[in-house]
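When reading the values below, keep in mind they use all heavy atoms of this one structure, side chains included, and skip hydrogens, waters and symmetry mates.
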Amino acid sequence: DLHSAIERGELSLYYQPQARIDRTITGFEALVRWHHPQRGTIAPGTFIPIAEESGLIVQIGLYVLEQAARELASWQSVLASDAAPFVSINVSSRQLDSPDLVEAVTGALSEHPVPVGCLHVEITESAVMRDVARSQDVLKQLKALGCHLALDDFGTGHSSLSLLQRLPLDYVKIDRSFITAMSGEFSGESMVGAIIQIAKILHLTVIAEGIEAETDELRLRALGCQLGQGYRYGKPLPAPQWQ
(Lines give C-alpha, C1' and ligand atoms only; values in the text may rest on other atoms or scores of the structure.)
Protein backbone atom coordinates (compact mmCIF):
# COMPACT_ATOMS: atom_id res chain seq x y z
CA ASP A 1 0.00 0.00 0.00
CA LEU A 2 2.79 2.41 0.88
CA HIS A 3 4.34 1.95 -2.57
CA SER A 4 1.36 3.59 -4.24
CA ALA A 5 0.23 5.92 -1.45
CA ILE A 6 1.85 8.96 -3.08
CA GLU A 7 0.42 8.17 -6.51
CA ARG A 8 -3.05 7.79 -5.00
CA GLY A 9 -2.74 11.09 -3.17
CA GLU A 10 -3.06 9.50 0.26
CA LEU A 11 -0.24 11.47 1.89
CA SER A 12 -0.59 15.01 3.18
CA LEU A 13 1.31 17.41 5.37
CA TYR A 14 0.23 18.69 8.75
CA TYR A 15 2.03 21.62 10.35
CA GLN A 16 2.88 22.00 14.02
CA PRO A 17 3.94 25.47 15.18
CA GLN A 18 7.33 26.32 16.60
CA ALA A 19 7.05 29.38 18.80
CA ARG A 20 9.02 31.70 21.00
CA ILE A 21 8.58 30.92 24.66
CA ASP A 22 6.35 34.01 24.80
CA ARG A 23 4.01 31.98 22.50
CA THR A 24 4.63 34.01 19.32
CA ILE A 25 4.59 31.55 16.42
CA THR A 26 7.67 31.88 14.19
CA GLY A 27 7.36 28.82 11.96
CA PHE A 28 6.09 25.28 11.52
CA GLU A 29 7.41 21.75 11.31
CA ALA A 30 5.95 19.78 8.40
CA LEU A 31 4.74 16.34 9.51
CA VAL A 32 3.55 13.74 7.01
CA ARG A 33 0.26 11.88 7.50
CA TRP A 34 -1.07 8.85 5.59
CA HIS A 35 -4.82 8.70 4.99
CA HIS A 36 -5.44 5.08 4.10
CA PRO A 37 -8.76 4.39 2.32
CA GLN A 38 -9.57 1.41 4.56
CA ARG A 39 -7.48 1.89 7.70
CA GLY A 40 -8.04 5.61 8.12
CA THR A 41 -5.25 7.94 9.22
CA ILE A 42 -2.05 6.04 9.97
CA ALA A 43 0.39 7.66 12.39
CA PRO A 44 3.96 8.34 11.22
CA GLY A 45 5.30 6.13 13.99
CA THR A 46 3.63 3.20 12.25
CA PHE A 47 4.60 3.73 8.61
CA ILE A 48 7.85 5.74 8.74
CA PRO A 49 9.91 2.78 10.06
CA ILE A 50 8.53 0.67 7.17
CA ALA A 51 9.41 3.44 4.75
CA GLU A 52 12.94 3.62 6.18
CA GLU A 53 13.46 -0.13 5.95
CA SER A 54 12.10 -0.40 2.40
CA GLY A 55 13.84 2.72 1.08
CA LEU A 56 10.51 4.39 0.27
CA ILE A 57 11.47 7.15 2.72
CA VAL A 58 13.47 8.82 -0.06
CA GLN A 59 10.39 9.08 -2.28
CA ILE A 60 8.25 10.23 0.65
CA GLY A 61 10.93 12.74 1.59
CA LEU A 62 10.80 14.23 -1.91
CA TYR A 63 7.03 14.57 -1.61
CA VAL A 64 7.40 16.33 1.75
CA LEU A 65 10.04 18.68 0.33
CA GLU A 66 7.98 19.63 -2.74
CA GLN A 67 4.71 20.04 -0.84
CA ALA A 68 6.30 22.03 1.98
CA ALA A 69 8.06 24.35 -0.47
CA ARG A 70 4.82 24.86 -2.41
CA GLU A 71 2.77 25.68 0.68
CA LEU A 72 5.54 27.85 2.12
CA ALA A 73 5.62 29.86 -1.11
CA SER A 74 1.83 30.23 -0.88
CA TRP A 75 2.11 31.58 2.67
CA GLN A 76 4.85 33.97 1.63
CA SER A 77 2.70 35.37 -1.18
CA VAL A 78 -0.10 36.49 1.15
CA LEU A 79 1.89 37.66 4.17
CA ALA A 80 4.25 40.54 4.75
CA SER A 81 7.90 39.48 4.50
CA ASP A 82 8.53 40.24 8.16
CA ALA A 83 5.52 38.11 9.20
CA ALA A 84 6.01 35.12 6.91
CA PRO A 85 6.85 31.89 8.77
CA PHE A 86 9.55 29.33 8.11
CA VAL A 87 8.76 25.69 7.44
CA SER A 88 10.97 22.90 8.74
CA ILE A 89 11.20 19.50 7.05
CA ASN A 90 12.76 16.31 8.38
CA VAL A 91 15.51 14.61 6.38
CA SER A 92 16.11 10.94 7.14
CA SER A 93 19.44 9.13 7.19
CA ARG A 94 18.67 7.53 3.81
CA GLN A 95 17.94 10.94 2.31
CA LEU A 96 21.15 12.31 3.78
CA ASP A 97 23.01 9.43 2.12
CA SER A 98 21.29 10.03 -1.22
CA PRO A 99 23.36 11.81 -3.88
CA ASP A 100 20.21 13.61 -5.08
CA LEU A 101 19.26 15.47 -1.88
CA VAL A 102 21.00 18.78 -2.61
CA GLU A 103 19.76 18.74 -6.20
CA ALA A 104 16.20 18.07 -5.01
CA VAL A 105 16.29 20.98 -2.54
CA THR A 106 17.78 23.22 -5.23
CA GLY A 107 14.97 22.29 -7.61
CA ALA A 108 12.24 22.82 -5.03
CA LEU A 109 13.55 26.26 -4.09
CA SER A 110 13.86 27.19 -7.76
CA GLU A 111 10.30 26.12 -8.56
CA HIS A 112 8.82 27.65 -5.41
CA PRO A 113 10.93 30.73 -4.57
CA VAL A 114 10.91 31.69 -0.89
CA PRO A 115 13.08 34.14 1.07
CA VAL A 116 16.46 32.88 2.17
CA GLY A 117 16.28 31.12 5.52
CA CYS A 118 12.58 30.24 5.38
CA LEU A 119 13.16 26.57 4.57
CA HIS A 120 14.62 24.71 7.54
CA VAL A 121 16.03 21.19 7.43
CA GLU A 122 16.05 18.92 10.49
CA ILE A 123 18.40 15.95 10.78
CA THR A 124 18.97 13.59 13.71
CA GLU A 125 22.22 12.87 15.50
CA SER A 126 22.05 9.23 14.44
CA ALA A 127 21.68 10.24 10.76
CA VAL A 128 24.75 12.47 10.94
CA MET A 129 26.81 9.81 12.68
CA ARG A 130 26.29 7.25 9.88
CA ASP A 131 28.90 9.12 7.81
CA VAL A 132 30.13 12.28 9.50
CA ALA A 133 32.32 13.51 6.65
CA ARG A 134 29.57 13.13 4.04
CA SER A 135 26.96 14.63 6.36
CA GLN A 136 29.17 17.63 6.96
CA ASP A 137 29.62 18.16 3.21
CA VAL A 138 25.88 17.81 2.44
CA LEU A 139 24.88 20.16 5.26
CA LYS A 140 27.36 22.77 4.04
CA GLN A 141 25.79 22.57 0.58
CA LEU A 142 22.28 22.96 2.02
CA LYS A 143 23.51 25.91 4.07
CA ALA A 144 24.88 27.51 0.90
CA LEU A 145 21.40 27.25 -0.61
CA GLY A 146 20.07 29.38 2.26
CA CYS A 147 18.55 26.59 4.37
CA HIS A 148 18.69 26.82 8.14
CA LEU A 149 19.73 23.58 9.81
CA ALA A 150 18.55 21.95 13.02
CA LEU A 151 19.89 18.92 14.89
CA ASP A 152 16.86 16.95 16.04
CA ASP A 153 16.59 14.77 19.17
CA PHE A 154 19.67 16.43 20.63
CA GLY A 155 21.04 14.56 23.62
CA THR A 156 19.76 11.13 22.59
CA GLY A 157 22.50 10.26 20.09
CA HIS A 158 26.26 9.96 20.24
CA SER A 159 27.57 13.19 18.76
CA SER A 160 30.40 14.98 20.51
CA LEU A 161 30.84 18.68 21.20
CA SER A 162 33.69 18.78 18.69
CA LEU A 163 31.33 17.41 16.03
CA LEU A 164 28.72 20.06 16.83
CA GLN A 165 31.35 22.73 16.28
CA ARG A 166 32.14 21.34 12.83
CA LEU A 167 28.55 21.18 11.57
CA PRO A 168 26.95 24.33 10.07
CA LEU A 169 23.96 24.21 12.42
CA ASP A 170 21.56 26.98 13.44
CA TYR A 171 19.36 25.11 15.92
CA VAL A 172 19.36 22.17 18.30
CA LYS A 173 16.09 20.54 19.34
CA ILE A 174 15.94 19.13 22.85
CA ASP A 175 14.18 15.78 22.81
CA ARG A 176 10.79 15.62 24.55
CA SER A 177 12.12 12.96 26.95
CA PHE A 178 14.27 15.63 28.63
CA ILE A 179 11.28 17.98 28.94
CA THR A 180 9.20 15.22 30.52
CA ALA A 181 12.01 14.48 33.00
CA MET A 182 11.99 18.10 34.23
CA SER A 183 8.77 17.51 36.18
CA GLY A 184 9.97 14.25 37.70
CA GLU A 185 13.33 15.03 39.22
CA PHE A 186 15.66 17.95 39.81
CA SER A 187 18.41 16.39 37.71
CA GLY A 188 16.08 16.50 34.70
CA GLU A 189 15.80 20.27 34.89
CA SER A 190 19.56 20.57 35.45
CA MET A 191 20.21 18.46 32.34
CA VAL A 192 17.99 20.67 30.20
CA GLY A 193 19.73 23.75 31.59
CA ALA A 194 23.12 22.25 30.73
CA ILE A 195 22.04 21.50 27.15
CA ILE A 196 20.79 25.07 26.72
CA GLN A 197 24.06 26.50 28.00
CA ILE A 198 26.12 24.26 25.69
CA ALA A 199 24.00 25.36 22.74
CA LYS A 200 24.48 29.02 23.63
CA ILE A 201 28.25 28.57 23.84
CA LEU A 202 28.11 27.19 20.30
CA HIS A 203 25.83 30.10 19.22
CA LEU A 204 22.91 27.79 18.49
CA THR A 205 19.23 28.52 19.06
CA VAL A 206 17.41 25.98 21.23
CA ILE A 207 14.01 24.48 20.42
CA ALA A 208 12.43 22.41 23.20
CA GLU A 209 10.06 19.69 21.98
CA GLY A 210 7.03 18.26 23.73
CA ILE A 211 5.95 21.33 25.71
CA GLU A 212 2.43 20.74 26.95
CA ALA A 213 2.12 22.33 30.39
CA GLU A 214 2.50 25.93 31.52
CA THR A 215 4.95 24.75 34.20
CA ASP A 216 7.27 23.37 31.50
CA GLU A 217 7.05 26.65 29.63
CA LEU A 218 7.92 28.66 32.74
CA ARG A 219 10.86 26.41 33.61
CA LEU A 220 12.25 26.62 30.09
CA ARG A 221 11.89 30.39 30.02
CA ALA A 222 13.82 30.64 33.28
CA LEU A 223 16.53 28.38 31.83
CA GLY A 224 16.92 30.65 28.81
CA CYS A 225 15.32 28.47 26.13
CA GLN A 226 14.35 30.51 23.08
CA LEU A 227 11.84 28.39 21.14
CA GLY A 228 9.35 25.64 21.90
CA GLN A 229 7.16 23.10 20.15
CA GLY A 230 4.29 21.02 21.50
CA TYR A 231 0.58 21.03 22.25
CA ARG A 232 1.10 24.11 24.42
CA TYR A 233 1.47 26.06 21.16
CA GLY A 234 -0.70 23.97 18.87
CA LYS A 235 -1.39 20.51 17.47
CA PRO A 236 -0.37 19.53 13.93
CA LEU A 237 -3.02 20.76 11.51
CA PRO A 238 -3.41 20.96 7.70
CA ALA A 239 -2.02 24.11 6.10
CA PRO A 240 -5.42 25.78 5.41
CA GLN A 241 -6.21 25.81 9.13
CA TRP A 242 -3.11 27.92 9.82
CA GLN A 243 -3.78 30.50 7.10
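Between Leu96 and Ser135, the closest heavy-atom pair is CD2-OG, 3.4 Å. The minimum heavy-atom distance linking Val114 with Ala69 is given by the pair CG1-O, 4.4 Å. Ala30 and Val87 make their closest contact through CB-CG1, 4.1 Å (heavy atoms, listed as atom of the first residue, atom of the second, distance). The two atoms that bring Val172 and Ala199 nearest to each other are CG2-CB, 3.7 Å, heavy atoms only. Across all their heavy atoms, Cys147 and Val105 have their closest contact at SG-CG1, 3.9 Å. The two residues Cys225 and Ile21 make their nearest non-hydrogen contact at O-CG1, 3.2 Å.
Contact check for Trp34 versus Leu2: side-chain heavy atoms found under the 4.5 Å cut-off. Phe178 has its side chain within reach of Ile195: a pair of non-hydrogen atoms, C-beta onward, lies under 4.5 Å apart. Residues Gln16 and Phe28 fail the side-chain proximity criterion, which asks for heavy atoms closer than 4.5 Å. A heavy-atom distance below 4.5 Å is found between the side chains of Leu72 and Cys118. Counting heavy atoms from C-beta outward, Met191 and Met182 have side chains that stay 4.5 Å or more apart. Counting heavy atoms from C-beta on, the side chains of Glu217 and Tyr233 come closer than 4.5 Å. Counting heavy atoms from C-beta on, the side chains of Val91 and Leu142 never come closer than 4.5 Å. Side-chain contact between Pro37 and Glu10 is present, with at least one heavy-atom pair separated by less than 4.5 Å.
A single hydrophobic cluster is not seen to contain both Ile25 and Tyr231; linkage of ILVMFWY side chains at heavy-atom distances under 4.5 Å, directly or through other members, places them apart. Note on Leu227: it does not cluster hydrophobically with Leu204, by side-chain heavy-atom contacts below 4.5 Å among ILVMFWY residues. Leu218 and Val206 sit in two unconnected hydrophobic clusters of ILVMFWY residues. Membership requires side-chain heavy atoms under 4.5 Å apart, directly or through other members. The same ILVMFWY cluster, assembled from side-chain heavy atoms under 4.5 Å apart, contains both Leu145 and Ile123. No path of Ile, Leu, Val, Met, Phe, Trp and Tyr side chains, each step under 4.5 Å between heavy atoms, connects Ile207 with Leu223, placing them in separate hydrophobic clusters.
The closest donor-acceptor contact from the side chain of Thr180 to the backbone of Arg176 lies under 3.5 Å. Using a distance-only test at 3.5 Å, with no hydrogens or angles considered, no donor-acceptor pair links the side chain of Arg94 to the main chain of Leu56. Side chain of Lys200 to main chain of Gly224: a donor-acceptor pair is present (N/O by atom type, distance under 3.5 Å, no hydrogens or angles). Under the 3.5 Å distance criterion, the side-chain polar atoms of Asp131 are matched with a main-chain donor or acceptor of Arg134. Judged purely by atom type and a 3.5 angstrom limit, Asp175 has no side-chain atom pairing as donor or acceptor with the backbone of Phe154. In this structure a side-chain-to-backbone donor-acceptor pair under 3.5 Å is present from Gln95 to Ser92.
Aromatic pair Tyr15/Trp75: ring centres closer than 6.0 Å. Between Phe86 and His148, the distance from one ring center to the other does not fall under 6.0 angstrom.
The structure places OG1 of Thr106 at 11.0 Å from CG of Asp100, a figure rounded to the nearest 0.5 Å. With values rounded to the nearest 0.5 angstrom, Asp170 atom CG is found 13.0 Å from His203 atom NE2. The CD atom of Glu122 lies 5.0 Å from the CG atom of Asp152; values are rounded to the nearest 0.5 Å. The line from CD of Gln229 to CD1 of Ile174 is 12.5 Å long, rounded to the nearest 0.5 Å. Of the inter-residue distances, the one linking Leu13 atom CG with Arg33 atom CZ reads 9.5 Å to the nearest 0.5 angstrom.
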Verdict with reasoning, Leu151 to Thr124, per side-chain contact (heavy atoms from CB on, under 4.5 Å): CA-CA 6 Å; Leu151 190 65; Thr124 63; over 6 Å; no
Test log, rule side-chain contact (heavy atoms from CB on, under 4.5 Å), inputs Ile57 and Ile48: CA-CA 7 Å; Ile57 193 66; Ile48 291 297; 4.0 Å; yes
Stepwise side-chain contact (heavy atoms from CB on, under 4.5 Å) check, Ile50 with Glu53: CA-CA 5 Å; Ile50 298 172; Glu53 184 178 352; 5.8 Å; no
From CA spacing to verdict: side-chain contact (heavy atoms from CB on, under 4.5 Å), Thr26, Arg20: CA-CA 7 Å; Thr26 58; Arg20 298 189 184 96; 3.7 Å; yes
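Here Ile6 pairs with Leu11, Gln59, Ile60, Tyr63 under the side chain to side chain contact (heavy atoms under 4.5 Å, CB included) rule; sequence neighbours left out. The side chain to side chain donor-acceptor pair (under 3.5 Å) test applied to Asp97 returns Arg130, not counting sequence neighbours.
Crowding of Lys235 atom NZ: a count of heavy atoms from other residues, nucleotides or ligands under 6.0 Å not exceeding 12.
Side-chain contact check for Tyr171 and Gln18: no donor-acceptor pair (N or O, by modelled atom type) lies under 3.5 Å. Of the N and O atoms on the side chains of Asn90 and Glu29, at least one donor lies less than 3.5 Å from an acceptor on the other residue. Looking only at atom types and distance, the side chain of Ser12 has a donor-acceptor partner in the side chain of His35 under 3.5 Å away. Checked by atom type, the side-chain pair Gln226/Thr205 shows no donor-acceptor distance below 3.5 Å.
Contact check on Arg232 versus Glu212 returns no salt bridge, with no Lys/Arg side-chain nitrogen under 4.0 Å from an Asp/Glu carboxylate oxygen. The pair Lys173-Glu209 meets the salt-bridge criterion, with a side-chain N (NZ, NE, NH1 or NH2) lying under 4.0 Å from an Asp/Glu carboxylate O. At a threshold of 4.0 Å, the pair Arg221-Asp22 does not count as salt-bridged, since none of the basic side-chain nitrogens sits closer than that to a carboxylate oxygen. Taking the charged nitrogens against the carboxylate oxygens, Asp216 and Arg219 do have a contact shorter than 4.0 Å, which makes a salt bridge.
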